[in-house]
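Here's the structure we're looking at; comments come further down.
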Amino acid sequence: MGEVCEIMQAYGGVSIVNALPSWYGSSMAINLKVKVEIREGKRVYSQESELIKTILNYFKEKYSIPDIEVDIESELPQKSGLKSSSAVSVALIAEIAKQYDLRNINPPILSAILSLKAGVSYTGALDDAVASYCGGIAFTYNKMFRIVKLENLEDNLSILILAKGGRQKPVNLNELRKYSHVFEEIFKIALKDYLTAMKMNGILIANILGYSLEPIEIALKKGALAAGISGNGPSYFAVSKNGEEGPIYESLKKFGDVIIVRPVSLDCKDLSIKD
Ligand SMILES: Nc1ncnc2c1ncn2[C@@H]1O[C@H](COP(=O)(O)OP(=O)(O)O)[C@@H](O)[C@H]1O
Ligand SMILES: O=C(O)C1=C[C@@H](OP(=O)(O)O)[C@@H](O)[C@H](O)C1
């Protein structure tokens with residue numbers, strides 16, 4: 001990521017397996033970006049979100065970096081299920097590490113730790129942070145901050161997104177955790193067949209969290225390879241082969257604005273992956 005361009009950037013993503021029920025999570029990077037720039041200057045605390053504040057405080061306390069101002073340019077709606085918080089946090093952490101030459105920082109792992117500390121995440125969302133930083137598909141066990149696997153993907157897919165931000169619906173964690181064994185099985189399926197897992201997860205999450213199944217059923221009927229709720233919602237997504245988006249796009253349009261994006265190929269060389 002970011003290394004080849006001046007401005008640090010990270011990606012949004014769609015869910016393959018939501019990590020809330022079983023702590024096992026998987027996410028696919030998409031080409032909606034967050035760009036972060038920093039410069040030394042007086043912090044405006046009142047304008048910092050809890051996440052930004054927590055990250056800046058961490059680096060100030062641990063590495064004595066000076067006060068910095070942060071500029072964020074984001075193509076992702078906040079509280080959307082499209083991984084905006086992980087993209088912002090991983091890009092900011094990576095940019096600070098780069099500018100201040102801080103070695104031995106693993107941006108996705110630190111993102112997970114600080115997202116928990118900031119209270120913007122339930123499990124740390126390491127799955128989202130790894131995909132956001134590396135592209136490709138990430139498989140993680142968030143309870144132990146462990147990256148299980150990083151995978152590249154076929155580049156012949158399109159993702160159609162009914163992008164909605166500002167999640168209002170409370171996330172019923174207790175209800176989700178009742179299904180931990182089911183989601184652990186879906187995670188195992190995902191390691192071999194991510195599209196089937198994506199579909200199972202997307203339908204189940206919509207059911208458990210009380211989102212309408214209509215957009216999902218219609219997209220699947222029109223030939224989508226997978227469809228569902230991403231993250232904790234409210235955004236929906238559907239997957240199709242390149243060039244076959246038409247009928248799915250038309251069917252989803254009646255539910256709101258639909259954007260068509262592409263998955264991002266894996267591009268990460270410096271993360272240690274432990275089985
Ligand atoms: N552009 C941004 N600028 C500052 N903070 C952001 C931005 N986008 C996301 N965030 C942080 O991430 C949080 C949203 O996280 P979350 O509810 O998990 O949504 P998502 O599903 O989009 O990741 C916001 O409340 C905020 O703290
Ligand atoms: O808070 C968390 O730990 C997570 C939130 C969800 O994503 P969103 O934040 O995109 O809803 C989920 O898909 C992810 O696996 C873990």
Side-chain angles (χ1 to χ4, degrees), residues 9-30 32-38 44-56 69-93 108 111-132 137-143 145 147-148 161 163-173 176-177 180 183-184 186-187 190 197-198 201-202 204-206 208-209 211 228-237:
Q9 66 177 33
Y11 307 107
V14 285
S15 291
I16 296 173
V17 185
N18 186 317
L20 268 64
S22 73
W23 295 91
Y24 285 98
S26 176
S27 204
M28 173 195 280
I30 55 172
L32 292 177
K33 298 183 204 77
V34 166
K35 294 180 182 168
V36 167
E37 283 182 280
I38 58 172
V44 187
Y45 287 89
S46 58
Q47 283 172 18
E48 288 173 2
S49 69
E50 205 46 46
L51 180 62
I52 305 299
K53 196 175 291 171
T54 304
I55 294 170
L56 296 187
E69 291 174 65
V70 181
D71 276 338
I72 298 166
E73 201 185 301
S74 176
E75 295 172 354
L76 299 163
Q78 297 192 32
K79 300 192 178 185
S80 59
L82 299 174
K83 323 306 178 190
S84 71
S85 63
S86 296
V88 165
S89 94
V90 91
L92 177 57
I93 290 167
S111 166
I113 293 167
L114 296 180
S115 297
L116 281 170
K117 192 168 181 208
V120 299
S121 171
Y122 294 92
T123 70
L126 181 62
D127 47 340
D128 302 344
V130 173
S132 180
I137 297 177
F139 299 89
T140 62
Y141 184 44
N142 296 358
K143 197 170 195 173
F145 299 104
I147 300 166
V148 175
I161 297 181
K164 299 166 196 273
R167 181 174 46 244
Q168 305 281 332
K169 230 180 234 302
V171 179
N172 192 338
L173 188 59
L176 284 166
R177 291 248 157 101
S180 64
F183 281 87
E184 206 172 315
I186 297 175
F187 182 83
M198 209 171 197
N201 175 83
L204 259 174
I205 291 290
I208 299 169
L209 295 183
Y211 289 103
I229 284 284
S230 184
N232 297 318
S235 299
Y236 288 84
F237 72 94

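Every number for a ligand or one of its atoms is a count from 1 in the order of the listing.
Of the candidates Lys83, Lys79, Gln78, it is Lys83 that places a heavy atom closest to atom 7 (O) of ligand 2.
A cation-pi contact, defined as under 6.0 Å to the ring centre and within 45° of the axis, is absent between Lys164 and Tyr236.
Less than 4.0 angstrom separates some heavy atom of Asn18 from each of these atoms of ligand 2: 12 (C), 13 (O), 15 (O). Less than 4.0 angstrom separates some heavy atom of Asp127 from each of these atoms of ligand 2: 14 (C), 15 (O). For ligand 2 and Arg167, the ligand atoms under 4.0 Å from any heavy atom of the residue are 11 (O). Those atoms of ligand 2 with a heavy atom of Gly124 less than 4.0 angstrom away are 3 (O). The Asn232 neighbourhood of ligand 2 comprises atoms 5 (C), 6 (C), 11 (O), with distances under 4.0 Å to a heavy atom of that residue. Within the listing of ligand 2, atoms 13 (O) sit less than 4.0 angstrom from a heavy atom of Ser15. Residue Ser121 has at least one heavy-atom neighbour below 4.0 Å for each of these atoms of ligand 2: 1 (O), 2 (C), 3 (O).
At least one N/O-N/O distance between Tyr122 and ligand 2 falls below 3.5 Å. When only interatomic distances are considered, the shortest N/O to N/O separation between Ser230 and ligand 2 does not fall below 3.5 Å. Looking at Ser85 next to ligand 2, no N or O pair under 3.5 Å apart turns up.
Side-chain atoms of Ser26 come within 3.5 Å of backbone N or O of Ala138 as a donor-acceptor pair. Side-chain atoms of Ser15 never come within 3.5 Å of backbone atoms of Val17 as a donor-acceptor pair (strictly under, hydrogens ignored).
For residues 75-92, the pairs satisfying salt bridge (charged side-chain N to carboxylate O under 4.0 Å, His left out) are Lys83-Asp128, with sequence neighbours left out.
Ligand 2 lies within reach of Ala19, whose nearest heavy atom is under 4.0 Å from it.
For ligand 1, residues of the protein lying within 4.0 angstrom by heavy-atom distance are Ser49, Leu51, Ile72, Ser74, Pro77, Gln78, Lys79, Ser80, Gly81, Leu82, Lys83, Ser84, Ser85, Val88, Val120, Arg167.
Across all their heavy atoms, Ser27 and Ala131 have their closest contact at O-CB, 3.6 Å. Scanning all heavy atoms of the two residues, the minimum distance from Gly81 to Ser230 falls at O-OG, 2.8 Å.
Applying the side-chain hydrogen bond (donor to acceptor under 3.5 Å, both in side chains) test to Glu48 and every residue at least two apart in sequence or in another chain returns Arg43. Listed by chain and residue number, Arg39 satisfy the salt bridge (charged side-chain N to carboxylate O under 4.0 Å, His left out) test with Glu69 (two or more places apart in sequence, or in another chain).
Within a 6.0 Å sphere centred on CD of Glu73, other residues, nucleotides and ligands contribute 12 heavy atoms or fewer. Other residues, nucleotides and ligands contribute over 12 non-hydrogen atoms within 6.0 Å of the NZ atom of Lys169.
If you look at Asp128 next to ligand 2, the close heavy atoms, those under 4.0 Å, all belong to the side chain. Of the heavy atoms in Thr123, both backbone and side-chain atoms come closer than 4.0 Å to ligand 2. Proximity of Leu20 to ligand 2, defined as any heavy-atom pair under 4.0 Å, is confined to the side chain (atoms from C-beta onward).
Ile38 has its side chain out of reach of Asp71: every pair of non-hydrogen atoms, C-beta onward, lies at least 4.5 Å apart.
Using cut-offs of 30° and 60° for the angle between ring planes, the Phe187 and Tyr24 rings count as tilted.
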Discussion item. Ser89 vs Ser111, test: side chain to side chain donor-acceptor pair (under 3.5 Å). Steps then yes/no.
Written reply: CA-CA 6 Å; Ser89 94; Ser111 166; 2.4 Å; yes
